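Source: prediction; values computed, not measured. Excluded from the calculations below are hydrogen atoms, water molecules and symmetry mates; all remaining heavy atoms, backbone and side chain alike, are included.
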Amino acid sequence: MESFKVIIRTSRPVGWSFGPILYAIGLVHSPKPFTRKRAAILQLLSLSVPLSLIVFGVNDVYDFETDTRNARKKIDGLEGTILDPHYHAVVTLAACVATAVILATSFISGRRSNVAVVSLLLFMSWQYSAPPFRFKEQPIFDSLSNGVIVDLAYLAGYTAGGGRLDRKMLALKGHILGLCTAGVHALGAVVDVEADAAVGQRTIATVFGPRLALVFGAMSYLTALLIERQLTVFGVYILGGLLMMVAPIVDLSLAHAAFQLVVYWTGVMSAIWFAEKAVAAARRRRASADGRS
């Protein structure tokens, strides 16, 4: 029973919604979002607890040494845990099972493009923290790899809805989310810079310094804003995130508060985006019904 509790805690319940949100956005942007509902729902659910267990659990196993020096990583902390080495094998095994579950949903989807995207998503999720690649300690790519993971979760939804990995895919708005995530990761690296430096970890913040890491984060958001070019819900989300990224450049002591704020901002704006889409869909149905009558 205790092992089960540890697995749940390590998977970060606060992060269970991130994968499904990204997947759902991709599904909404796909050409045929409702053709294979059961398979899509199954895969969406697999990107909640199972994906969180891989992303956060594997990280806790390989970052134990630095986590013990990190004030944010408390046993029951909202932003992470210190995983007792006694449970490292259990969490690793659970992450392997989660990997098999997620991969199975891609085959159930019946779409080869979805299998390819999900396979790459799983590879990146493991290799961010685990050897041999451990992208987490490859400065700049540590942040970019986080953006890639988010982009792949989005593309999992897009391909599940019949989207193809072609030129049209390159123009999708969802890629903006990957840019923003790269920025958020750089901000998180600044918050963890002292603990990471104490154990010799090479991150964007320990190698280039906190302020340059924050400039990289702000530039990621600015690039996303220039791509969007409109104050849509996406645009407002990006602009808000950009302002939150700029503040700690001026005063480094604001980094932790900015990191927390941007995470909650993402959740709120996601809810607004889905609400807007739901209202628009309801209006289209009403207009269609009026047209038939």
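Ring centroid separation for the pair F135 and F141 comes in under the 6.0 Å cut-off.
Here the side chain of R229 pairs no donor or acceptor atom with the backbone of L225 at under 3.5 angstrom. The closest donor-acceptor contact from the side chain of R12 to the backbone of T10 lies under 3.5 Å. Formation of a donor-acceptor pair under 3.5 Å by the E194 side chain with backbone atoms of R69 is not found in this model. A side-chain donor-acceptor contact under 3.5 Å links N114 to the backbone of A156.
L214 approaches M245 most closely through the heavy-atom pair O-CE, 4.1 Å. Across S30 and Y158, no two heavy atoms sit closer than the pair CB-O, 3.3 Å.
The aromatic rings of H88 and F64 lie perpendicular to each other, with more than 60° between the two planes, well past the 30° mark.
Of the charged side-chain nitrogens involved, at least one lies within less than 4.0 Å of a carboxylate oxygen, so that D63 and R134 count as a salt-bridged pair.
Atoms CG and OG, from L22 and S270 in turn, are 7.5 Å apart once rounded to the nearest 0.5 Å.
The cluster map of Ile, Leu, Val, Met, Phe, Trp and Tyr, joined by side-chain heavy atoms under 4.5 Å apart, puts L93 and V90 in different clusters.
In this structure, a donor-acceptor pair under 3.5 Å is present between the side chains of Y237 and T266.
A 6.0 Å sphere centred on CZ of R211 holds more than 12 heavy atoms belonging to other residues, nucleotides or ligands.
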